[in-house]
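The structure under discussion appears below in the form of structure tokens.
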Amino acid sequence: MPVWLREHSWRQSLSAVYLSLPLRGARATAANIFCSEQYLKVSIPPFLFEAVLYAPIDDTNSTAKIGNGNISFTLYKKEPAMWDSLTLANADKEKLQHLRENAVLKAQEKAKEETEAKKITKQENKKYALEATMKVEEAERKRIEDLKEKERQKVTKELELWKNQQKDGDKYKSIQAKEELYQEKEPLKERKNEKIKKPQIPNEGSSKTRLRSTRGHGSCSIFSQDLKEEQLPAPRAAATIKVNFTPRVFPTALRESRVAEEEEWLHKQAEARRIINSDLSELEDLKEEEKNPDWLKDKGNKMFAMGDYLGAVNAYNLAVRLNNKLPLLYLNRAACHLKLRNLHKAIEDSSKALELLTPPVPDNENARLKAHVRRGTAFCQLELYTEGLQDYEAALKIDPKNKIIEKDAEKIRQLIQGTMQSS
Amino acid sequence: MSAVLGPERPQVVSHVQQALSYTVFDCKWVPRSARLMCLGSAARGTGVIQVYELHGARLEVLREIEKPKPIKCGTFGATSLQQRYLATGDFDGNLNIWNLEAPEIPVYSVKGHKEIINSIDGVGGLGIGEGAPEIVTGSRDGTVKVWDPRQNDTPVANMEPVQGESKRDCWTVAFGNAYNQEERVVCAGYDNGDIKLFDLKTMSLRWETNIKNGVCSVEFDRKDINMNKLVATSLEGKFHVFDMRTQHPTKGFASVSEKAQKSTIWQVRHLPQNRDIFMTSGGSGSLHLWKYEYPAQRSKKDSEGSEMGMAGSLSLLQNVTLSTQPISSLDWSPDKKGLCVCGAFDQTVRVLIVTKLNKI
């Protein structure tokens, strides 16, 4: 049960009610006060004070001052009239409850409205801030533009000034030239008259004057031109310098970024050429069919079947010279080497075959299987059992159902264990 | 690479942009004027030379000349200031010198090469330097030929491959070392990365090297002084600056190289008013402005006692991207510091002004 605070005191004017509520030592904050239009509650557990007001008040403008151990409310009346008492008398429980609920609801609505209003003002503030920054940036941009414009104008003015100077200079020069031209024309005319008087050298004279006049036409003065021509040295004696260039195969320009590509291309070309050349030079006396790697492979296979292992190796060798990219050639040669007990060569050849069979696809499963088995056998015969086992296991991976390989793998494992136990 | 302070950096201001109706291969300022010359190839396979005048913020066409073959390169380097004749090389291997006032008949014409003339340079004219005016052309047929406009039909020097040697495209040529009447040097860059320096006084090969990428452009910092620096740009965004004052008997010239852009560096041009500043133009449509700083000691003695040059360092002053297509030609105005014109393969020619070069 809360403790009711009843020792309140109040006084009123026409427009306001002043209520003072002593707190009996409790501390009050704004959260403890709840006020609506006609209902006032102060709840500081365990203390409680509530009042259903005589008439509605303007709760937004009313204030509460907390201090000195009491709260002083200044409640502004909605209608200026003198109240008979602070609270409504004859308020029964139900009415009180109803009023309370209304008050709470109203308070909630007000709170909602307030948040809405806050949101709107916030948005507007944001917009305002944005506009302000935009204006500031605009101003900055404009300032820079203005600077540039000013610079441009200044520079244009200077240019105009300079141009006018040029023009004046030119005009002056052309005036000078005209004057000098006029000056020369006078003596020329005189000379011409003289020459006409002397008929014996008319051609020389006229040609001279013609030459002189054409020379003087476009330039300032004949005399200075003559002098200048005399100062110029004669044309150089013609000569040739032979030039050697840094060698470059490609007709295009040299670029550093392309050098690597170009090297690779050249390398490939060189290799291809080497193969062709080697065929041409040494094997001219072979028959046509003997230059075909496939035919040679078949020949090799036949010889293997017949037991002529050396002959088969020869056939395979030739085939490899012609085309070193066929894995089957190496595979079959490995088998020959195994029979010939050239174990290292067998290992080499099976390794090369496996290299060429690099994309491990189902198509070359068979070939890879054979390669692994042959290499494994060679290793085992060299007593390198662990490597041999590795190859057998690889073979098993390709074809897990092969019983022979499994049996052999078991044998090798036992051999290994046997040697380990004994050592 | 040291950096210049922010607000003091030279700025590249685009002054005028002019769209052209042909592919422009070369653009040059007409000396002593505010006029510029563009040359190139029209869509119908003929050559075009246009002369523009700078009027405020636009370029006005003064003259348009059409020639039967597309024109690749041109120079004013070998004419006098009064005449201002233009020497051009075209796609057919013809070297022509035109008087732009009367362009119907060339002043000098020779079928110099069997294939396109890729690059041309002139020296001895424009009141710069001494000695005979000469023009050098480099062509796809692997030869570099030096011409004197006073001698018809035969070149005064011919740098050709040895008999039986396969030829390489010569992509660029430049004159240098023309500080008196006898001395001249021609530098040629080839597509296999060779750079060769020919001495015309002794008619011999003075130096050669290979920079591992096709050489797009070579230029001496000044044609008319004792050769000081040579910049060679190449494919793959690299360029090399050689210090040409000290030649070591085996190692040649010292160099510093820089990789600036991902794409080909098409051109390098030194500022006529300051020989340590140059601009490179790239295949990505960008321009980079560089400054070369000399080392504390330009040469030192190596273990055998012979002089060896020391290369300095480069700093990037500014870079700007103007176009999406390569900027294939670039020229500084010899009269106004900072004024330059560039032509790009997007069929535009742009006049630019580089500011604050006085402060460098």
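Numbers restart at 1 for each chain; the letters A, B, ... are given by sequence-line order, proteins then strands.
- Between A:S257 and B:E236, the side chains place a donor N or O and an acceptor N or O closer than 3.5 Å (distance only, hydrogens not considered).
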Start with the C-alpha gap between A:R236 and B:Q151, add the side-chain angles, then the distance that decides, and say whether side chain to side chain contact (heavy atoms under 4.5 Å, CB included) holds.
-> CA-CA 9 Å; A:R236 225 174 270 277; B:Q151 180 174 299; over 6 Å; no

Criterion side chain to side chain contact (heavy atoms under 4.5 Å, CB included) on B:M159 and A:K242, from CA distance to verdict = CA-CA 6 Å; B:M159 281 67 101; A:K242 291 293 179 188; over 6 Å; no

For the pair A:L254 and B:D191, evaluate side chain to side chain contact (heavy atoms under 4.5 Å, CB included) and give the outcome as yes or no after the intermediate values.
-> CA-CA 6 Å; A:L254 176 61; B:D191 72 338; over 6 Å; no

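- Ranked by non-hydrogen atom pairs under 4.5 Å with chain B, the options A:K154, A:E151, A:K157 are led by A:E151.
- Contact check for B:W147 versus A:P235: no side-chain heavy atoms found under the 4.5 Å cut-off.
- Heavy atoms closer than 4.5 Å to chain A are found nowhere in B:E130, neither backbone nor side chain.
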For a quick test of your reading: what N or O donor-acceptor pairs under 3.5 Å do the side chains of residues 199-216 of chain B make, sequence neighbours left out?
{"unit_1": "B:D199", "atom_1": "OD1", "unit_2": "B:K201", "atom_2": "N", "d": "2.8"}
{"unit_1": "B:K201", "atom_1": "NZ", "unit_2": "B:E183", "atom_2": "OE2", "d": "3.1"}
{"unit_1": "B:T202", "atom_1": "OG1", "unit_2": "B:S204", "atom_2": "OG", "d": "2.8"}
{"unit_1": "B:R206", "atom_1": "NE", "unit_2": "B:Q247", "atom_2": "OE1", "d": "3.4"}
{"unit_1": "B:E208", "atom_1": "OE1", "unit_2": "B:K196", "atom_2": "NZ", "d": "2.4"}
{"unit_1": "B:N210", "atom_1": "OD1", "unit_2": "B:K212", "atom_2": "N", "d": "2.7"}
{"unit_1": "B:N210", "atom_1": "ND2", "unit_2": "A:T246", "atom_2": "OG1", "d": "3.2"}
{"unit_1": "B:N210", "atom_1": "ND2", "unit_2": "B:N192", "atom_2": "O", "d": "3.1"}
{"unit_1": "B:N210", "atom_1": "ND2", "unit_2": "B:D194", "atom_2": "OD1", "d": "3.0"}
{"unit_1": "B:N213", "atom_1": "OD1", "unit_2": "A:E256", "atom_2": "N", "d": "2.7"}
{"unit_1": "B:N213", "atom_1": "ND2", "unit_2": "A:E256", "atom_2": "OE1", "d": "3.3"}

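- Partners of B:E165 by side chain to side chain contact (heavy atoms under 4.5 Å, CB included), not counting sequence neighbours, listed by chain and number: A:N244, A:F245, B:P161, B:V162.
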Just do the side chain to side chain contact (heavy atoms under 4.5 Å, CB included) check on B:N158 and A:I241 with the steps written out, would you?
-> CA-CA 6 Å; B:N158 182 0; A:I241 306 177; over 6 Å; no

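- With contacts defined as side-chain heavy-atom distances shorter than 4.5 Å, the pair B:K336/A:E158 qualifies.
- More than 12 heavy atoms of other residues, nucleotides or ligands shown are found within 6.0 angstrom of CD1 on A:I144.
- Contacts of B:K145 with chain A are absent, with no heavy-atom separation under 4.5 Å from either backbone or side chain.
- Considering only heavy atoms from C-beta on, A:V243 stays 4.5 Å or farther from B:E160 through its side chain.
- No other option in B:D169, B:L339, B:T154 has as many heavy-atom pairs under 4.5 Å with chain A as B:L339.
- Counting heavy atoms of neighbouring residues, nucleotides and ligands inside a 6.0 Å radius, atom CD of A:E149 exceeds 12 of them.
- Heavy atoms only, all atoms of each residue included: B:P155 and A:A238 are closest at O-CB, 3.6 Å.
- Taking all atoms of both residues into account, the shortest heavy-atom contact from B:A34 to A:W162 is CB-CZ3, 4.0 Å.
- Considering all non-hydrogen atoms of both residues, B:R150 and A:A234 come closest at NH2-C, 3.6 Å.
- Heavy atoms of other residues, nucleotides or ligands lying less than 6.0 angstrom from CZ of A:R258 number 12 at most.
- Other residues, nucleotides and ligands place more than 12 heavy atoms under 6.0 Å from the NZ atom of B:K259.
- Ranking B:G131, B:G124, B:G193, B:S14 against chain A, the residue ahead of the rest is B:G131, based on heavy-atom pairs under 4.5 Å.
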